[in-house]
Amino acid sequence: MKKIYAPWRHKYVSGTAHVENEKKKKNKNECPFCNQFAENNDEKYFIIKRFNNCALVMNLYPYNAGHLMVIPFEHKPDFQDFSSDIRNEMMDAVN
């Protein structure tokens, strides 16, 4: 079995990522994805494509090779809480 080496994951898998996160002193209600979207630096944050209501983003700590995230711009607790237009767009992004 081949192992994928991803050096940017070292802090995460070695258990030291939480120390770095505590130093940042971010507000608990602050959304890291909203901050990344606002910066408009897609290459830095691995934002592959922006749609009207969501974005396709590479996962910094992927479970498998090619693992991507579809992140809605709107905050809702459950998928069914989004409008049908947003849900459809998210499902189209997955396809």
Side-chain angles (χ1 to χ4, degrees):
M1 178 169 118
K2 291 184 179 180
K3 293 187 180 185
I4 300 171
Y5 178 66
W8 58 87
R9 293 187 67 192
H10 179 74
K11 290 179 185 173
Y12 177 74
V13 297
S14 67
T16 58
H18 71 282
V19 174
E20 202 170 281
N21 287 338
E22 288 174 12
K23 289 179 182 178
K24 291 181 182 177
K25 296 181 182 179
K26 285 192 173 185
N27 183 348
K28 289 182 181 179
N29 295 325
E30 197 172 288
C31 174
F33 299 113
C34 287
N35 292 336
Q36 293 172 1
F37 295 144
E39 279 190 38
N40 286 317
N41 191 347
D42 292 359
E43 188 174 330
K44 177 180 177 183
Y45 295 113
F46 305 107
I47 300 168
I48 296 171
K49 181 169 174 116
R50 291 176 187 249
F51 298 92
N52 292 329
N53 300 294
C54 65
L56 187 62
V57 181
M58 289 180 65
N59 190 343
L60 190 57
Y61 306 109
Y63 298 105
N64 294 306
H67 182 219
L68 300 174
M69 300 181 290
V70 177
I71 302 174
F73 298 141
E74 201 174 315
H75 291 230
K76 299 282 185 181
D78 295 305
F79 187 68
Q80 67 266 13
D81 292 339
F82 290 107
S83 71
S84 61
D85 288 340
I86 295 174
R87 286 194 314 265
N88 289 335
E89 183 179 271
M90 291 174 69
M91 295 310 294
D92 283 343
V94 169
N95 284 327

Quiz item: Linking I/L/V/M/F/W/Y whenever any side-chain heavy atoms sit under 4.5 Å apart, do I47 and F73 land together?
Solution: yes
Exercise. Would you give the length of the straight line joining atom SG of C54 to atom CG of D92, rounded to the nearest 0.5 angstrom?
Key: 9.0 Å
Quiz item: Do I48 and L68 touch side chain to side chain, with heavy atoms closer than 4.5 Å?
Solution: yes
Practice problem: Taking the side chain as every heavy atom from C-beta outward, state whether E89 and F82 have any atom pair closer than 4.5 Å. | Solution: no
Quiz prompt | Same cluster (ILVMFWY, side-chain, under 4.5 Å), M91 and V70 | solution = yes
Exercise. Group every Ile, Leu, Val, Met, Phe, Trp and Tyr by side-chain heavy-atom contacts under 4.5 Å, then state whether V94 and F79 land in the same group.
Key: yes
Self-check item: Same apolar cluster (I L V M F W Y, side chains within < 4.5 Å links), M90/L56
Solution: yes
Quiz item: Would the number of heavy atoms belonging to other residues, nucleotides or ligands and lying under 6.0 Å from CD of E43 be above 12?
Solution: no
Quiz item: Quick one: side-chain contact (heavy atoms from CB on, under 4.5 Å) partners of Q36, sequence neighbours excluded?
Solution: F33, Y45
Quiz item: Does L60 belong to the same Ile/Leu/Val/Met/Phe/Trp/Tyr cluster as M58, with side-chain heavy atoms less than 4.5 Å apart forming each link?
Solution: yes
Quiz item: What heavy-atom pair brings F51 and A93 nearest, and what distance separates the two atoms?
Solution: CE1-CB, 3.7 Å
Quiz prompt | Pair N53, E74: side-chain N/O donor-acceptor within cut-off below 3.5 Å | solution = no
